[in-house]
Number of protein chains: 2
Amino acid sequence: MRTEIPRLRREAKLSQEELAQAVGVTRQTITSIETGKYTASLPLAWRIARHFGLTIEEVFDFSDLEDE
Amino acid sequence: MRTEIPRLRREAKLSQEELAQAVGVTRQTITSIETGKYTASLPLAWRIARHFGLTIEEVFDFSDLEDE
DNA sequence: AGAATATGTCAAGTCTGCTTTGCATAATTT
DNA sequence: AAATTATGCAAAGCAGACTTGACATATTCT
């Protein structure tokens, strides 16, 4: 799933490590989410969005689920 | 995690079975989420919110994650 | 009351989110 | 150029999301 996390991190000048600590996960978890290896859980998605002062929908791209 | 799903379902006169089919999971999954047995995944949370025309934040209650 | 529909629950299994450790390469700093 | 910091990737393991199947009780319909 595509996300705005890399852009938001760059704009805030945060490393993966710093964001990871801020939201309570490991750096590898952030890497995996950014590279699309897997999708964040709901609580983690919320913590990340909140860390940037945004809603989940503003950070994560759900367009690949649009139909079905 | 608390959710507005039971209320939304009642207002829309939908059974757990009907909502489950609409969002592509089993009835037990809806039951488990409503009774707090576990938390929905991010994609499922989005499909449920979308089914009611709402945002994820309007359907799921994140107040138990407020700090940390 | 009896039948049908709706909800809760339990067990076992699969799959995915996340961790830990560790290594390789890229980018930045000194 | 050398050292430090940042990112990507891989394997093994644990926990949680979700499935299937089956049963029990509750609620609604006739």
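Numbers restart at 1 for each chain; the letters A, B, ... are given by sequence-line order, proteins then strands.
- Residues B/V23 and B/I30 meet the side-chain proximity criterion, which asks for heavy atoms closer than 4.5 Å.
- The distance between atom CD of A/E34 and atom P of C/dA26, rounded to the nearest whole Å, is 19 Å.
- Residue B/T35 has no polar side-chain atom (N or O) positioned under 4.0 Å from OP1 or OP2 of C/dT7.
- In this structure, A/T39 reaches the sugar-phosphate backbone alone: every heavy-atom distance under 4.0 Å involves primed, P, OP1 or OP2 atoms, never a base.
- A/Q16 has its CD atom 13 Å from the C1' atom of C/dA27, to the nearest Å.
- The side chain of A/R27 sits closest to C/dC23 out of C/dT19, C/dA6, C/dC23.
- Contact check on A/R2 versus A/E4 returns a salt bridge, with a Lys/Arg side-chain nitrogen under 4.0 Å from an Asp/Glu carboxylate oxygen.
- When heavy atoms are screened at a 4.0 angstrom cut-off, B/T29 is found touching base atoms of the nucleic acid.
- B/R9 comes within 4.0 angstrom of sugar-phosphate atoms only, judged by non-hydrogen atoms across all strands, and of no base.
- A straight line from CG of B/L44 to C1' of C/dC15 spans 15 Å, rounded to a whole angstrom.
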Do any side-chain atoms of residues 50-60 of chain B form donor-acceptor pairs under 3.5 angstrom with protein atoms, and if so which ones, sequence neighbours left out?
unit_1, atom_1, unit_2, atom_2, d
B/T55, OG1, B/E58, N, 3.3
B/T55, OG1, B/E58, OE1, 3.4
B/E57, OE2, A/I56, N, 2.6
B/E58, OE1, B/T55, N, 2.8

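- For the pair A/L19 CG and C/dC18 P, the interatomic distance rounds to 13 Å; values are reported in whole Å.
- A residue-by-residue look at A/P43 and A/L14 shows that A/L14 has its nearest nucleotide of DNA chain D further toward the 5' end.
- Residue contacts shown for A/S41 are limited to sugar-phosphate atoms, with no base heavy atom under 4.0 Å away.
- In this structure, the side chains of A/I48 and A/L8 stay at 4.5 Å or more apart for every pair of heavy atoms.
- At a cut-off of 3.5 Å, with distance as the only test, a side-chain donor of B/T26 or B/T29 sits close to an acceptor on the other residue.
- Residues A/I5 and A/L19 meet the side-chain proximity criterion, which asks for heavy atoms closer than 4.5 Å.
- Here C/dG8 presents its P atom at 13 Å from CD1 of B/I33, a figure rounded to the nearest Å.
- Proximity of A/T39 to B/P43: side-chain heavy atoms (C-beta onward) are separated by under 4.5 Å at one or more points.
- On the nucleic acid side, DNA chain D has its first and last nucleotide under 4.0 Å of a heavy atom of chain B at D/dA17 to D/dA22, going 5' to 3'.
- Between the OH atom of A/Y38 and the P atom of C/dT19 there is a distance of 6 Å, rounded to whole Å.
- With distances taken from any side-chain atom of A/Q28 to the nucleotides C/dG8, C/dT9, C/dT21, the minimum falls on C/dT21.
- Atom CD1 in A/I30 sits about 14 Å away from atom P in C/dG17, given to the nearest Å.
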